[in-house]
Amino acid sequence: FFFKQKTAYEIVDCDWSSDVCSSDLGRSTVAHTLEDLGWYVVDNLPPSMLANLYELSSRSTSSVAVVIDVRGREFFDDLTTSLSELADKAIARKILFVDAADDVLVRRFESTRRPHPLQGNDRILDGITKERERLREVRSVADIVIDSSNLNIHQLDKKIIEVFGSENDADLKVNILSFGYKYGIPVDADLVMDCRFIPNPHWIPELRPLNGLDKPVSDNVLMAENVAEFLDKYQDLFQTMSNGFINEGRKFLTLGVGCTGGKHRSVAIGEELARRLNGKVHASGKKISAVTIHRDLGREV
């Protein structure tokens, strides 16, 4: 839960394991990244104390983040009431929800050898199911949803920095996330672009070992038939949509760009879109900031 310039932000996490190990992704990584950015982070604060914390934070120039999850057990039930109290005091709030797929969460709990706080005598998966039910309402109103299932620690760290590192520099921050359909569509994507209509460089022997960051692959993709026209029309469409997003108060947007394996076409298209959109200023004076994350670039295709 972040307090920044009279605006409240909240982190709610469905991936709560915090042991320092390779499987750890979620609240601890987000918290550490925010601390590195200069935020003051409070972990596992009872929701009933949010209003008091806001009053205290108003005396400081530092940004404050509060991590809330079901470790609070019965205290977690106060979250909805506490959010209503903040709204009654005209304190704006934003929610960041960090999620992961069930099978990924099970593997993480098994690797840490710790039980889920809600599983009791049942299986880990039963605890995760109970947790999802308790978080359903909060997730539905989250302003930002990050799926950490296919992100390593460094990718998640980069994503948090991109979202919160220079928050005041742009009116709309766009994360362009390339991915491979064979590994699943990212659940945190607000929009998805399908690049599989473009001829696949994978079938060109000299381009197969390269990726979309390499100029020969990028040139091959961007010079393919209909690609320039497609990018021009999509850019115009996105700029029209971005006006609406900004008017609705959206500050962050994830655009998924997918191809079969997430190595060639989606990477090249994502980089080109970021180049076109980054720093774009509308007639209204609103500015777009675009950055790229290549989720599946290191995978074997």
Side-chain angles (χ1 to χ4, degrees), residues 1-21 24-100 117 135 138-139 141-148 151-171 173 175 188 249-252 289 291:
F1 198 102
F2 310 134
F3 294 123
K4 183 180 178 72
Q5 298 178 347
K6 299 297 180 182
T7 300
Y9 297 78
E10 177 178 86
I11 306 173
V12 180
D13 195 357
C14 191
D15 175 9
W16 73 278
S17 60
S18 63
D19 293 80
V20 180
C21 64
D24 171 37
L25 285 173
R27 64 176 179 81
S28 59
T29 301
V30 173
H32 294 158
T33 302
L34 290 173
E35 287 179 341
D36 292 341
L37 291 173
W39 295 64
Y40 180 75
V41 179
V42 181
D43 190 13
N44 203 23
L45 183 80
S48 59
M49 299 179 64
L50 287 174
N52 292 334
L53 179 63
Y54 177 76
E55 295 300 327
L56 290 173
S57 70
S58 64
R59 306 174 190 175
S60 173
T61 57
S62 298
S63 302
V64 180
V66 179
V67 184
I68 296 176
D69 56 42
V70 295
R71 288 172 299 156
R73 300 182 185 274
E74 64 271 12
F75 293 110
F76 184 83
D77 296 334
D78 297 329
L79 179 58
T80 301
T81 301
S82 297
L83 292 178
S84 298
E85 291 176 355
L86 292 177
D88 292 341
K89 295 182 179 181
I91 300 173
R93 63 106 181 103
K94 290 185 181 294
I95 297 174
L96 165 64
F97 193 99
V98 184
D99 203 350
L135 295 177
V138 178
R139 193 188 194 284
V141 297
D143 299 277
I144 309 166
V145 177
I146 294 179
D147 178 20
S148 70
L151 299 178
N152 60 40
I153 290 176
H154 305 295
Q155 289 171 324
L156 180 57
D157 177 79
K158 179 182 177 183
K159 195 161 190 173
I160 295 301
I161 291 174
E162 288 164 351
V163 172
F164 297 105
S166 56
E167 189 178 8
N168 295 322
D169 293 340
D171 296 284
K173 294 181 69 66
N175 285 320
D188 52 339
R250 291 289 298 271
K251 294 281 291 184
F252 312 104
S289 172
V291 295

What residues, two or more places apart in sequence or in another chain, satisfy side-chain hydrogen bond (donor to acceptor under 3.5 Å, both in side chains) together with Asp147? Ser149
Are [X] and [Y] side-chain neighbours, meaning at least one heavy-atom pair lies under 4.5 Å?
X	Y	result
Asp188	Asn175	no
Ile160	Leu96	yes
Leu135	Phe97	yes
Val98	Val30	yes
Val145	Ile95	no
Leu53	Val64	yes

Gap separating the NZ atom of Lys159 from the OG1 atom of Thr29, nearest 0.5 angstrom: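 Rounded to the nearest 0.5 Å, the NZ-OG1 separation comes to 13.5 Å.
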Do you know the tightest heavy-atom contact between Leu151 and Gln155?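 The pair with the smallest heavy-atom distance is CA-OE1, 3.3 Å.
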Heavy-atom closest contact (Leu50 atom, Ser82 atom, distance): CD1-CB, 4.1 Å
Sorted by chain and number, sequence neighbours left out, salt bridge (Lys or Arg N to Asp or Glu O under 4.0 Å) with Asp157 holds for none
Is there a donor-acceptor contact under 3.5 Å from the side chain of Ser289 to the main chain of Lys173? no
